[in-house]
A.B. asks: 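Can you read through this structure? Questions will come right after.
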Amino acid sequence: MTTGRLLLLDSASLYFRAFYGVPDSFKAPDGTVVNALRGLLDFVSTLVDQHEPDAVVACWDDDWRPQWRVDLLPSYKTHRVAEAVEEGLGDASSGVAEESPELLSPQVPLIAEALGILNIPVVGREGAEADDVIGSLAQAWDGPVDVVTGDRDLFQLVDDDAGVRVLYTARGVSSADVVDAAWIRAKYGVEPQQYADFATMRGDTSDGIPGVPGIGEKTAALLLDAYGDLDGILAAAHDPDSAVKPRVRASLVENEELVGVMRQVVRVRDDVCGTDVVRALAPLSPEQRDALEAFGTTWGLGGVVERLATALSR
C-alpha cells in the first residue's frame, strides 16, 4: 500500500500524554495500572473517527537518544538522563529507552501488543528516534499524511503541496490543532521549510539544544525573512556590508560551528525506513475481535474494546 491518507503516531508523545492525563485508578484485575494503555487506545479510536485514515503506523523510539546525535551535541537530552538518574531509573551511560515513570514502563509493551492485535504496525529503527521514522514515512508516502504529536520539532515536515500536516496535541488529542503552512506562518512568522533553521537558532532547552546566544524566536524569524535560510544568514553575518545587527552578527560568527552541529541534530531524518512497513487499516476480523476482547478482559479495558472495534469498522 502506497497511497491514501496515512496517520503517523508519535507513540511516546501519546502514551506519555495518556499516562499523565488519565487517572491511575484504572487498573487491570491483577492490579496493574493501565491508564496509559486505555488512554492511548482511546486516542486511536478518536483519531480514526475524526480523520478517517486509510492506514496507521505507530512510530516508535527504538533509540530515544541516538549516539550519533549525542556525538554531535553532547548536551542532547542530557537533562532527561540526569532526571532519570535522580529518580533511580538508570545511570547516565545506560542505553535504555526513554526513561518512563515506574507505573508507565510496564504498560509500554502492552500498548505495542494491543496495536499488533489491531494490525497497526509498530515501527522503530536502530539508531533512530520516532521523529526519524515519521520523517522517513512522510517523505516517502504518495498521499496525504497526518502526523500526530505534541513535539514542535515535527513542524518542519509540514508541506501543503504534499498534503503533510501535523495534528498538534498540546490542547488534547480530540481538539488537536491542525498545523499547516498558514498556521506556522501565523504562529512563528516563518515558512515550514524554514522551521528547522528557525528551531536551530531559537534552541530548545527541553532537548538540550542551546540555540544561538541572543537570538530568540522574533530575531530568528526576521533573519529568515531577510536571508531565506541559515546559509544565507551566516553569509550575511560574514558580510560587513549586510544589515545584520552587530550583536547578532558577532553571536552568529562566534557560534558558527555550533550552529552547524545543532542544524544536523534538529533536522529530522528521511532515510530510516520505507513504505513497505505500512498496512491498510481494515475492520477487525473475527479472530482479531476475539483476541482484542480477550486482551481487554485480561487488562480491564472495559468499553475501550468496543470503541476500537466500532472505529475500525467504518
A.B. asks: Under a 3.5 Å distance rule, please check whether Asp63 uses its side chain to pair with a backbone N or O of Ala128 as donor and acceptor.
C.D. replies: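 Answer holds: no.
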
A.B. asks: Write down the atom of Pro66, the atom of Gly127, and the distance for their closest heavy-atom approach.
C.D. replies: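 Of all heavy-atom pairs spanning Pro66 and Gly127, the closest is CB-O, 3.5 Å.
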
A.B. asks: Identify the heavy atoms of Lys27 and Asp24 that sit nearest to each other, and give their distance.
C.D. replies: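 Scanning both residues completely, I find the closest heavy atoms to be CE-O, 3.8 Å.
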
A.B. asks: Could I get the full list of ring-ring contact (aromatic ring centres under 6.0 Å, His included) partners for Tyr188, not counting sequence neighbours?
C.D. replies: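 For Tyr188 the ring-ring contact (aromatic ring centres under 6.0 Å, His included) partners, ignoring immediate neighbours, are Tyr195, Phe198.
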
A.B. asks: Say whether, by atom type as modelled, one donor and one acceptor occur between the side chain of Asp225 and the main chain of Ala221 under 3.5 angstrom.
C.D. replies: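 No, Asp225 side chain to Ala221 backbone: no donor-acceptor pair under 3.5 Å.
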
A.B. asks: Between the side chains of Arg69 and Glu129, is the shortest nitrogen-to-carboxylate-oxygen separation below 4.0 Å, so that they form an ion pair?
C.D. replies: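 Judged by the 4.0 Å cut-off on N to carboxylate O distance, Glu129 and Arg69 do form a salt bridge.
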
A.B. asks: With a 4.5 Å cut-off on side-chain heavy atoms, are Pro210 and Leu258 touching?
C.D. replies: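 Yes; the side chains approach each other to less than 4.5 Å.
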
A.B. asks: Short question: side chain of Arg17, backbone of Val173 - any donor-acceptor pair under 3.5 Å?
C.D. replies: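 Checking the backbone N and O of Val173 against the side chain of Arg17, no donor-acceptor pair under 3.5 Å is found.
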
A.B. asks: Hey, could you give me the CD/CD1 distance between Gln194 and Ile233, rounded to the nearest 0.5 Å?
C.D. replies: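 If we round to the nearest 0.5 Å, Gln194:CD and Ile233:CD1 are 8.0 Å apart.
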
A.B. asks: Verify, without hydrogens or angle tests, whether Asp49 (side chain) and Ala311 (backbone) share a donor-acceptor contact under 3.5 angstrom.
C.D. replies: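 Side chain of Asp49 to backbone of Ala311, a donor-acceptor pair under 3.5 Å: no, none is there.
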
A.B. asks: What pair of heavy atoms forms the shortest contact from Ala280 to Asn119, and how long is it?
C.D. replies: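 Minimum heavy-atom contact is O-ND2, 4.4 Å.
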
A.B. asks: Hey, mind stepping through Arg165 and Val145 against side chain to side chain contact (heavy atoms under 4.5 Å, CB included) and telling me if it holds?
C.D. replies: CA-CA 6 Å; Arg165 60 187 187 175; Val145 177; over 6 Å; no

A.B. asks: Answer yes if Val253 and Leu234 sit in the same cluster of Ile, Leu, Val, Met, Phe, Trp and Tyr residues linked by side chain heavy atoms under 4.5 Å apart, and no otherwise.
C.D. replies: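 Shared cluster, no.
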
A.B. asks: Would a distance-only check, ignoring hydrogens and angles, find a side-chain to backbone donor-acceptor pair under 3.5 Å from Thr46 to Ser174?
C.D. replies: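 No.
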
A.B. asks: With rounding to the nearest 0.5 Å, note down the distance linking CG in Asp207 to CG in Asp204.
C.D. replies: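 One gets 4.5 Å once the value is rounded to the nearest 0.5 Å.
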
A.B. asks: Which heavy atom in Ala130 sits nearest to a heavy atom in Cys59, and how many Å separate them?
C.D. replies: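 The pair with the smallest heavy-atom distance is CB-O, 3.6 Å.
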
A.B. asks: Do the charged groups of Glu191 and Arg185 touch, with an N to O distance under 4.0 Å?
C.D. replies: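 Counted as a salt bridge, because a side-chain N and a carboxylate O are separated by less than 4.0 Å.
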
A.B. asks: Any non-hydrogen side-chain atom of Asp54 less than 4.5 Å from a side-chain atom of Leu281?
C.D. replies: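 Counting from C-beta outward, Asp54 and Leu281 never come under 4.5 Å.
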
A.B. asks: Tell me if a side-chain donor or acceptor on Arg202 pairs with a main-chain N or O of Val212 at a distance below 3.5 Å.
C.D. replies: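 Not at all, since once roles are kept as given, no pair shorter than 3.5 Å links the two residues.
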
A.B. asks: Grab the two heavy atoms, one from Leu301 and one from Val305, that are nearest each other, plus how far apart they are.
C.D. replies: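 Answer, listing the atom of Leu301 first, then Val305: CB-CG2, 4.4 Å.
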
A.B. asks: For Leu47 and Val56: C-alpha separation, side-chain torsions, deciding distance, then whether side chain to side chain contact (heavy atoms under 4.5 Å, CB included) applies.
C.D. replies: CA-CA 10 Å; Leu47 290 162; Val56 180; over 6 Å; no

A.B. asks: Roughly how far apart are Asp270 CG and Ile134 CD1, rounded to 0.5 Å?
C.D. replies: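 It is 13.5 Å, given to the nearest 0.5 Å.
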
A.B. asks: Using 0.5 Å steps for rounding, measure from the CD atom of Gln50 to the CG atom of Leu7.
C.D. replies: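 Result: 10.5 Å between the selected atoms.
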
A.B. asks: Output all residues satisfying salt bridge (charged side-chain N to carboxylate O under 4.0 Å, His left out) with Asp231, sequence neighbours left out; order by chain, then residue number.
C.D. replies: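 Applying salt bridge (charged side-chain N to carboxylate O under 4.0 Å, His left out) to Asp231 gives Arg263.
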
A.B. asks: Keeping the roles fixed (side chain from Arg5, backbone from Pro144), state whether a donor-acceptor pair exists under 3.5 Å.
C.D. replies: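 No, the answer is negative, given that no donor and acceptor are paired below the 3.5 Å cut-off.
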
A.B. asks: Among Leu14, Asp146, Val57, find the one that has a side chain to side chain contact (heavy atoms under 4.5 Å, CB included) with Leu9.
C.D. replies: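 The option that passes is Leu14.
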
A.B. asks: Looking at Arg152 and Glu217, does any basic side-chain N land under 4.0 Å from a carboxylate oxygen?
C.D. replies: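 Result for this pair is yes, salt bridge flagged.
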
A.B. asks: Decide side chain to side chain contact (heavy atoms under 4.5 Å, CB included) for Asn35 and Tyr20; before the verdict, give the C-alpha distance in whole Å, the side-chain angles of both, and the deciding distance to 0.1 Å.
C.D. replies: CA-CA 9 Å; Asn35 58 339; Tyr20 287 112; over 6 Å; no

A.B. asks: Measuring from atom CZ of Arg289 to atom CG of Leu312, what distance do you get when rounded to the nearest 0.5 angstrom?
C.D. replies: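 One gets 10.0 Å once the value is rounded to the nearest 0.5 Å.
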
A.B. asks: Walk me through it: do Arg267 and Asp131 pass the test salt bridge (Lys or Arg N to Asp or Glu O under 4.0 Å)?
C.D. replies: CA-CA 10 Å; Arg267 193 164 295 279; Asp131 287 8; over 6 Å; no

A.B. asks: When rounded to the nearest 0.5 angstrom, what is the spacing between OG1 in Thr169 and CG in Asp10?
C.D. replies: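 Atom-to-atom, Thr169:OG1 and Asp10:CG are 8.0 Å apart.
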
A.B. asks: Measure the shortest side-chain to side-chain distance between Leu137 and Val277 over non-hydrogen atoms and say whether it is less than 4.5 angstrom.
C.D. replies: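 Yes, close enough: below the 4.5 Å cut-off.
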
A.B. asks: Closer than 3.5 angstrom, by distance alone: can the side chain of Gln107 be matched with the main-chain N or O of Leu103 as a donor-acceptor pair?
C.D. replies: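 Indeed, once roles are kept as given, a pair shorter than 3.5 Å links the two residues.
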
A.B. asks: Might you point out which heavy atoms bring Tyr168 and Gly150 nearest each other, and give the distance in Å?
C.D. replies: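 Tyr168 and Gly150 have their closest heavy atoms at CE1-O, 3.4 Å.
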
A.B. asks: Could you tell me if the side chain of Tyr227 sits less than 4.5 Å from the side chain of Ser242, heavy atoms only?
C.D. replies: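 Counting from C-beta outward, Ser242 and Tyr227 do come under 4.5 Å.
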
A.B. asks: Do Glu254 and Arg249 meet the salt-bridge criterion of a basic N to acidic O distance under 4.0 Å?
C.D. replies: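 No, no charged N to carboxylate O under 4.0 Å.
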
A.B. asks: With Arg125, which residues qualify under salt bridge (charged side-chain N to carboxylate O under 4.0 Å, His left out), at least two apart?
C.D. replies: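 Result, salt bridge (charged side-chain N to carboxylate O under 4.0 Å, His left out) vs Arg125: none returned.
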
A.B. asks: Is Gln156 close to Gln193 at the side-chain level, that is, under 4.5 Å between some pair of heavy atoms?
C.D. replies: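 Side chain of Gln193 against side chain of Gln156, heavy atoms only: no contact under 4.5 Å found.
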
A.B. asks: Any side-chain to backbone donor/acceptor pair from Gln264 onto Leu72? Under 3.5 Å, distance only.
C.D. replies: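 Such a contact is absent between Gln264 side chain and Leu72 backbone.
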
A.B. asks: Please tell me if the side chains of Trp60 and Val133 come closer than 4.5 Å, counting only heavy atoms from C-beta onward.
C.D. replies: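 Trp60 vs Val133: side chains apart.
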
A.B. asks: Do Asp197 and Leu224 pass the side chain to side chain contact (heavy atoms under 4.5 Å, CB included) test, and can you show the C-alpha distance, the side-chain angles, and the key distance before you say yes or no?
C.D. replies: CA-CA 8 Å; Asp197 286 349; Leu224 286 165; 4.1 Å; yes

A.B. asks: Should Val22 and Trp299 be regarded as members of a common hydrophobic cluster, given that ILVMFWY residues are connected when their side-chain heavy atoms come within less than 4.5 Å of each other, either directly or indirectly?
C.D. replies: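 Yes; Trp299 is reachable from Val22 via cluster members.
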
A.B. asks: Answer yes or no: is there a side-chain heavy-atom contact under 4.5 Å between Val44 and Leu308?
C.D. replies: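 Of all side-chain heavy-atom pairs linking Leu308 with Val44, at least one is under 4.5 Å.
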
A.B. asks: Any side-chain heavy-atom pair from Trp183 and Val166 closer than 4.5 angstrom?
C.D. replies: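 SC-SC contact between Trp183 and Val166 ruled out.
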
A.B. asks: Has the side chain of Glu113 got a donor or acceptor atom that lies under 3.5 Å from a matching backbone atom of Leu110?
C.D. replies: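 Checking the backbone N and O of Leu110 against the side chain of Glu113, no donor-acceptor pair under 3.5 Å is found.
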
A.B. asks: Spell out, yes or no, whether Phe43 and Val122 are grouped together once hydrophobic residues are joined by side-chain heavy atoms under 4.5 Å, including indirect joins.
C.D. replies: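 Phe43 and Val122: one cluster.
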
A.B. asks: Could you check whether Thr32 and Asp30, counting side-chain N and O atoms only, form a donor-acceptor pair closer than 3.5 Å?
C.D. replies: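 Yes, because at least one side-chain N or O of Asp30 sits under 3.5 Å from a partner of the opposite role on Thr32.
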
